[in-house]
Amino acid sequence: MTLHEILIRAGQEHWSTGHFNAGEFDHIRAIAEACKELGAPAIIGTSEGERKHMGSREIVAMRDALRLDLNIPIFLNADHHKSVEAAEEAADAGYDSVHIDLSAKPLEENIAGTREIVSYARAKNPGISVEGELGYLKGESKVQNEKIAVSAEDYTKPEDAARFVQETGIDRLAIVAGNIHGISLDEPDLDIERIRVIRNAVPENIALVLHAGSGIPDAQIRAAIEAGISNIHINTDMRVAYMQELRKSLAEHLDEVAMYKLDVSAIDAMKKVIKEKLVLFESVNKI
Ligand code: G3H
Ligand code: ZN
């Protein structure tokens with residue numbers, strides 16, 4: 001089962017895969033185990049910072065070990081890689097997928113750089129999945145104690161999406177339609193109609209990706225999936241659950257110095273969030 005096949009099947013059947021970020025090796029295992037326990041494909045993302053923190057070769061080795069141990073489809077995505085060079089590093093290391101995010105650049109530069117990565121990554125690994133991004137996605141994966149204003153001006157334009165997909169040759173498109181990275185003070189308000197129009201503007205074999213899934217109310221997530229999203233990124237909700245439990249555990253066990261004993265409840269809290277999302281995405285028992 002390739003990542004591309006899973007994404008297309010999810011789109012046709014109106015469910016979504018979950019993409020979960022990992023910043024530590026324990027998180028990689030937690031994501032894979034939670035997916036195994038619910039029979040869901042595991043898509044594990046590392047940003048440039050997360051990848052550098054753990055080491056590309058080490059991350060890939062852990063994926064390979066977990067595939068043997070758990071016997072489920074496990075895919076690694078180089079998430080939000082903001083330069084051609086960084087995306088190439090991940091493809092060279094053996095990632096299954098790269099997300100080249102040149103959305104901050106003018107459209108022509110975004111198209112040129114994304115196309116360059118598509119051809120580089122496919123030459124390395126014909127089965128690799130490449131994601132591009134269009135639109136201005138605000139925020140970052142943390143709790144933001146402020147309101148973050150979003151405007152329809154920043155959303156992905158359907159006509160740009162059609163051209164971008166055609167000229168770059170990507171497999172997946174990350175779109176902006178009211179989503180904001182992290183958890184902000186005001187509740188996100190997804191533009192479901194915009195998602196539907198973009199879905200109809202690009203070919204069926206292009207998966208639509210919704211980043212910034214944390215903090216979005218469940219009903220909006222379900223509506224986004226019905227409108228054509230088949231991959232949803234989650235990071236902040238997991239980080240918050242993990243850190244809350246870890247802080248509690250550290251405060252309650254002041255004499256304990258073994259980290260692997262102190263973080264058990266934090267890992268459990270992270271797995272609980274992942275499982276709740278998999279249920280919401282209807283990704284359960286799909287492998
Ligand atoms: O690429 C990562 C995600 O878009 C995570 O967003 O922190 O809002 O869940 P989030
Ligand atoms: Zn993202």
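Whatever order the structure lists them in is the order used to number ligands and atoms, beginning at 1. We count residues from 1, following the sequence as given. In this text, all values refer to a predicted model and were calculated from it rather than measured experimentally.
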Which residue and non-hydrogen atom of the protein lie closest to [atom], and at what distance in Å?
atom	result
atom 9 (O) of ligand 1	S214 OG, 2.5 Å
atom 6 (O) of ligand 1	A212 CA, 3.1 Å
atom 3 (C) of ligand 1	H233 CB, 3.3 Å
atom 1 (O) of ligand 1	D79 OD2, 2.6 Å

To which of N235, L137, N179, I183 does the heavy atom nearest atom 5 (C) of ligand 1 belong?
->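 The nearest heavy atom belongs to N235.
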
May I ask you to check whether H27 and F20 place their ring centres under 6.0 Å from each other?
->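 They do not qualify: ring centres at least 6.0 Å apart.
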
Near-ring test H181/H80, centroid separation under 6.0 angstrom |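 Ring centroids of H80 and H181 are less than 6.0 Å from each other.
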
Close approach, D237 and ligand 1, non-hydrogen under 4.0 angstrom =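 Distance cut 4.0 Å: D237 fails for ligand 1.
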
Looking at the Zn ion (ligand 2), is one of the N, O or S atoms of H80 less than 2.8 Å from it?
->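 Yes, since at least one N, O or S atom of H80 sits under 2.8 Å from the Zn ion (ligand 2).
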
Please step through side chain to side chain contact (heavy atoms under 4.5 Å, CB included) for the pair I234 and H211, ending with a clear verdict.
-> CA-CA 7 Å; I234 301 288; H211 279 253; over 6 Å; no

Need the ligand 1 atom indices (1-based, order shown) with element for anything under 4.0 Å from a heavy-atom of [X].
X	value
H80	1 (O)
S141	5 (C), 6 (O), 7 (O), 10 (P)
G182	7 (O), 8 (O), 10 (P)
T236	7 (O), 8 (O), 9 (O), 10 (P)

In H211, the N, O or S atom nearest to the Zn ion (ligand 2) is which?
->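 Distance check against the Zn ion (ligand 2) picks out ND1 in H211.
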
If only atom types and distance count, is the side chain of S249 paired as donor or acceptor with the main-chain N or O of L262 below 3.5 Å?
->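 Yes; judged by distance alone, with no hydrogens or angles, the pair exists.
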
Identify the heavy atoms of M54 and A22 that sit nearest to each other, and give their distance.
->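 Smallest heavy-atom distance, with atoms named: CE-O, 3.3 Å.
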
Are H233 and N231 close enough that some pair of their side-chain heavy atoms sits under 4.5 Å apart?
->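 The answer is yes, as the side chains (C-beta and beyond) meet within the 4.5 Å cut-off.
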
Could you tell me whether the side chain of R222 reaches within less than 4.5 Å of the side chain of F281, counting heavy atoms only?
->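 With C-beta onward as the side chain, the pair stays apart.
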
So does D186 pair up with K147, basic N to acidic O under 4.0 Å?
->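 No, no charged N to carboxylate O under 4.0 Å.
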
